[in-house]
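Remarks on the structure that follows.
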2 protein chains.
Amino acid sequence: MAHAHPDLTKNQALVFGKLSDASGPLTAYALLDNLRENGFRAPLQVYRALDKLVDYGLVHRLESLNAFVACRHKGCADHKTAAFAICETCGNVQEFSPDRAMEDLLRWTREQEFKLSRTTIELRGICRACSASQQA
Amino acid sequence: MAHAHPDLTKNQALVFGKLSDASGPLTAYALLDNLRENGFRAPLQVYRALDKLVDYGLVHRLESLNAFVACRHKGCADHKTAAFAICETCGNVQEFSPDRAMEDLLRWTREQEFKLSRTTIELRGICRACSASQQA
DNA sequence: CCCTGATTGTTATATTATTACTTAGGTACT
DNA sequence: AGTACCTAAGTAATAATATAACAATCAGGG
Ligand SMILES: [Zn+2]
Ligand SMILES: [Zn+2]
Ligand SMILES: [Zn+2]
Ligand SMILES: [Zn+2]
């Protein structure tokens, strides 16, 4: 569960705490609102903390949502890339390691001599739970 | 090169034209600026056209850039998903079909009974040309 | 003609992210 | 102690991206 990273600063710890407690992704401004009672006043306090947390691998940014989730993927540090399945009905996000898929993408980057630095894989759809409850 | 789609309306054709002429991705507001001489005045004129064009598969949205590219992928209609390699040095975007990768992602969705509706795959890095010129 | 649905125009506003500048703390060296 | 240096944090203003709400126009079909 723990990744290797420097000690978190006060603001980083506050933001990471909120994200860890949340049941799903939060936007930067949702975090700001949730942290006003902790003294947060300005977006930059959130964005700066998020930058570091993403850098440390503790938090992932979901590009298609402009939102952030705490990493709950046990093996995340072992993998170059995480993928996300985002339910458009309930908002839940499931993180997984698309190892085979990454192999194929890496093969493509080798063939093209593309120096990969970051990969985004996001699936949008409806999760099993929501599909089941819709049928009722 | 041509996809199956209804005739484009005036605004859709203007937006698609600009994107087709562009050498890389354009943001909605860049399109708006480029189309002011064609009578465009407001963001919605661009966003509404883009919505349709993306729907028709003529244009792709790059989530990690908040920008749009005309589809130049010959076989795009034959594939469920396109992937994009975005050079962070020159801004060029290369589209390709990650067929093997999608197979793996689809296997995951079947196992999880996740009803997939849309997939985003975006690679960030440095393209071959930029790597080569950096060495000079 | 009248109804309907799609498209467009226009204004205002919401949401997301960054720039610029300042203040505060800690560490290292003198 | 004093200074230089670095990182973090605070604050205000603004930029960039996206949508809501409502009015006007236009094309077909009955
Ligand atoms: Zn993770
Ligand atoms: Zn769901
Ligand atoms: Zn395409
Ligand atoms: Zn390049």
Side-chain angles (χ1 to χ4, degrees), chain A residues 5-19 22 24-56 58-69 84 86 88 91 93 118 120 122 124, chain B residues 5-19 22 24-56 58-69 84 86 88 91 93 118 120 122 124:
Chain A
H5 58 83
D7 287 346
L8 298 184
T9 67
K10 182 177 67 115
N11 286 0
Q12 289 162 17
L14 286 166
V15 169
F16 185 58
K18 284 292 180 193
L19 279 175
L26 294 175
T27 66
Y29 279 79
L31 283 163
L32 175 57
D33 285 340
N34 287 338
L35 287 167
R36 289 202 187 275
E37 56 190 15
N38 297 98
F40 275 48
R41 310 287 311 271
L44 214 49
Q45 295 175 291
V46 176
Y47 281 109
R48 287 203 274 229
L50 286 170
D51 277 352
K52 293 290 187 180
L53 292 169
V54 168
D55 209 47
Y56 300 155
L58 294 173
V59 165
H60 298 293
R61 175 186 171 90
L62 300 174
E63 299 286 357
S64 65
L65 291 180
N66 295 326
F68 302 83
V69 281
F84 303 89
I86 302 166
E88 297 186 303
V93 172
R118 187 159 64 82
T120 298
E122 297 178 16
R124 308 292 293 262
Chain B
H5 57 83
D7 287 345
L8 298 184
T9 67
K10 183 177 65 116
N11 286 359
Q12 289 162 18
L14 286 166
V15 169
F16 185 57
K18 283 293 182 195
L19 279 175
L26 294 174
T27 66
Y29 279 78
L31 283 164
L32 175 56
D33 286 340
N34 286 338
L35 286 167
R36 288 200 188 277
E37 57 189 14
N38 297 98
F40 275 49
R41 310 288 310 271
L44 257 192
Q45 295 175 289
V46 176
Y47 281 109
R48 288 201 274 228
L50 286 170
D51 277 352
K52 293 290 186 179
L53 292 169
V54 168
D55 210 46
Y56 299 156
L58 294 173
V59 165
H60 298 293
R61 176 187 170 90
L62 300 174
E63 298 287 357
S64 65
L65 291 180
N66 294 326
F68 301 83
V69 282
F84 303 90
I86 302 165
E88 296 185 306
V93 171
R118 187 159 63 82
T120 298
E122 297 178 17
R124 308 292 294 263

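By convention in this document, chain letters (A, B, ...) are assigned in the order of the sequence lines, proteins followed by strands, and residues within each chain are numbered from 1.
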Item to complete: Provide, to the nearest angstrom, the distance between the CD atom belonging to A:Gln45 and the C1' atom belonging to D:dA12.
Response: 12 Å
Worksheet, complete the sentence: Judged by nearest nucleotide, the residue sitting upstream toward the 5' end of DNA chain D, A:Lys52 or A:Pro43, is A:Lys52
Practice prompt. For A:Arg48 and for A:Thr27, find the nucleotide of DNA chain C with the closest heavy atom, then tell me which residue's nucleotide is more 5'.
Written response: A:Thr27
Worksheet item: Expressed in angstrom and rounded to an integer, what is the separation of A:Leu32 atom CG from D:dA9 atom P?
Response: 15 Å
Discussion item. Between B:Asn11 and C:dG9, is there a contact of a side-chain N or O with OP1 or OP2 at under 4.0 Å?
Written reply: yes
Item to complete: Could you check how far CG of A:Leu65 sits from P of D:dT17, rounded to whole Å?
Response: 18 Å
Worksheet entry | Whole-Å distance separating the OH atom of B:Tyr47 from the P atom of C:dG9 | 17 Å
Worksheet, complete the sentence: Between CZ of B:Phe40 and C1' of C:dG9 the distance, given in whole Å, is 11 Å
Worksheet item: Starting at CG of A:Asn66 and ending at P of D:dA16, how long is that distance when rounded to a whole Å?
Response: 16 Å
Worksheet item: Looking only at atom types and distance, does a side-chain atom of A:Glu122 sit under 3.5 Å from a main-chain N or O of A:Ser64, one as donor and one as acceptor?
Response: yes
Worksheet item: Do A:Leu19 and A:Val69 touch side chain to side chain, with heavy atoms closer than 4.5 Å?
Response: no
Discussion item. So B:Leu53 and B:Phe68, do their side chains get closer than 4.5 Å, heavy atoms only?
Written reply: no
Discussion item. Within the 4.5 Å heavy-atom criterion, are B:Thr27 and B:Asn66 side-chain neighbours or not?
Written reply: no
Worksheet item: Whole Å only: how far is the CG atom of B:Leu44 from the P atom of C:dT13?
Response: 15 Å
Worksheet item: Can you find an N or O donor on one side and an acceptor on the other, under 3.5 Å apart, linking the side chain of A:Tyr29 with the base of C:dA14?
Response: no
Worksheet item: What nucleic acid atoms does A:Arg41 come within less than 4.0 Å of, heavy atoms only: base, sugar-phosphate, or nothing?
Response: sugar-phosphate
Practice prompt. Kindly say if A:Thr9 contacts the phosphate of D:dA9, meaning a side-chain N or O under 4.0 Å from OP1 or OP2.
Written response: yes
Worksheet item: Quick one: B:Gln12 CD to C:dT7 P, roughly how many Å, whole number?
Response: 6 Å
Fill in: Short N-O contact, B:Glu63 and A:Arg124, less than 4.0 angstrom
no
